[in-house]
Amino acid sequence: MLQSKLFAPTLRETPAEAEIVSHQLMLRAGMIRKSAAGMYTYLPLAWRVLRKIMQIVREEMDREGGQELALPIVQPAELWKESGRWDVYGDEMFRLEDRHHRQFCLGPTHEEIITTTVKNEVRSYRDLPLRLYQIQNKYRDEIRPRFGLMRGREFIMKDLYSFDVDEAGLEDSYQAMYRAYNNIFKRCGLKFRPVEADSGAIGGNASQEFMVLAEAGEAVILYCDQCDYAANAEKAVSQVQVSDFNGAVKEKELVATPGHKTIDEVCRFLNIQAEQTVKTLFYGTGSGYIAVLIQGNDQVNEIKLGNVTNSKKLYLVSPEEIHEVLGLPVGYVGPIGLDGQIKILGDNRVANLHQVVVGANQEDYHYLQVEPVRDFVGVDYYDLRMAASGEQCPRCSGHLHDLRGIEVGQIFKLGTKYSKALSANFLDEKGQSRLMVMGCYGVGVSRTMAAAIEQNYDGNGIKWPIAIAPFQVHLITVSPEQLPVAKEIYENLSRQNIEVLLDDRDERPGVKFKDADLMGIPIRITVGPKGLAQGEAEVKFRATGNEERWPLDQIVAKTREYIEKCEQ
RNA sequence: CGGGGUGUGGCUCAGCUUGGUAGAGCGUUCGGUUCGGGACCGAAAGGCCGGAGGUUCAAAUCCUCUCACCCCGACCA
């Protein structure tokens, strides 16, 4: 490709709308332009990268028995009503009507339509398993699209759905996808980690996410420094030390704590640590309230709480609401005496505490020397806390550390949730009708491109991993005089199927170098008078900044050698 | 949806407080000098100041409404 013909309008300055690096650099490098919030045009450079990622995804899906197909983006409402998700999905679904006022949506995901397709055609266990996938745009009217391609309302996703005869088959499919996903992100040249994940709204009972490690990631992951345990912080658990308590158990004692409401204030006033307190938080479920007991220095994990309470719309009740609706003294609330008035859930850790301080449900008073097991009534205990960095791994004696990650893929065991809702049955070898056992597996293709940048950039621009770079070689001349030589190199490389972008523009060298750094093509070959005088070209690797001189007649061989080395 | 912020040539922004009819840098076009890390000189094109309504002799500037976009929270590949 000749750069003079390439439609890649680069920008010198960073557009004000872009906050994070990948968004800024994709705009500046002439890769994307915005059409509306969360909707982008992919210009040629971006599309080349996306096609490479898609190709890697295809190869790995096919290797594990996947078959590519294409499902409609516009889907009839009936299917979604049948599965019950027409209402559940809510405002996140783009909805539309045709001229006959029939309702449709733009597909946010495709369980409904694929399950229907399969159930209509598959009768026998002999036709299973099936692993079907597609790569196409998905539409989700996100509450808040942000960070460029990181959270778009239209994005490219690969989604594969597996249909098996039983749990063992599902396990095979799940493991196949686990392997495939590891290969995909490895081949893309990314540093990533598979982590345990909450299975969330899609349903099902086992799930892992693939996280590209990057500071800009929205997710926090906790991983063990000794074993391979790693989990999304939404899901992570830790072993919390149960301190041996051998002090004297005393009766609880009411103490005046006038004006001291927060954990901090109470601790300072009573000269104790936050670990010796239990805080009582109130959540609204939409249909009522629950009280949550948690150690004073812990955080409630609202995902875990939502799962335990089977509630999607949890919200922390405001102080005003506690005061006015629940009639409780904000700052002095505790579980003692609440029994019967409100459902009380406690974090497991609380049950192991001794001689703690809690609010007394009286203005300006707390209880001291409370024994949770003895003094709390009607409390159900669950794991409700956020695990934290520094705590002990749930599986071994190692400790947890945290990292930020960008979720680029997730694999789910769905079980029979959708096959049941949509009656996807088959006849087994005994002639018995059974439900298909399903899994679903997604890769955010456009997000993977953004994540690759978040992980590979410097102050001058992008540093593409070669496997997904828009071109492999950026060939630059210092002045137009070297163009004939450069064109010969260009032809030689192209003949070997090496993708070269030749900067044949009549620009000053500085401009070309700046644009080259911005675009981030891995191998930069400069043909200039200095090198040419010795029959050499200058080579600079974008990723490392290392420079070499290559004799002109070895450029093709050395380029191939470098690319092959990268592929390993 | 709640909270915060921004809309002025393609990009970055000034002007708004204290109304007087729009500016700079970059980019673009043309001419010239240049040419190994975003050159220099000269000339030019390009904006009904997000939109609607109002106040006023006069509105980018004040008021009302509205739209879009960005950031923080709930959602998620």
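Each chain gets a letter, A, B and so on, in the order the sequences are listed, and its residues count up from 1.
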Heavy atoms under 4.0 Å, any strand shown: does [X] hit a base, just sugar-phosphate, or nothing?
| X | result |
| --- | --- |
| A:T448 | nothing |
| A:D517 | base |
| A:G90 | nothing |
| A:Y441 | nothing |

Say you pick atom C1' in B:rG19 and the same atom in B:rG27; how far apart are they, in whole Å?
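Approximately 33 Å lies between the C1' atom of B:rG19 and that of B:rG27.
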
Is there ring stacking between A:F155 and B:rA77, where the centres must be under 5.5 angstrom apart and the planes under 30 degrees?
yes

Do [X] and [N] share a donor-acceptor pair, side chain to base, under 3.5 Å?
| X | N | answer |
| --- | --- | --- |
| A:R524 | B:rG37 | yes |
| A:R28 | B:rG38 | yes |
| A:R151 | B:rC76 | yes |
| A:E17 | B:rG7 | no |
| A:R12 | B:rU12 | no |

Closest approach of A:L71 to A:Q136 (non-hydrogen atoms, all atoms of both residues):
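Taking every non-hydrogen atom into account, O-NE2, 3.0 Å.
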
Side chain of A:I143, heavy atoms from C-beta onward: which of B:rC1, B:rG37, B:rU12 has the nearest atom to it?
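The answer is B:rC1.
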
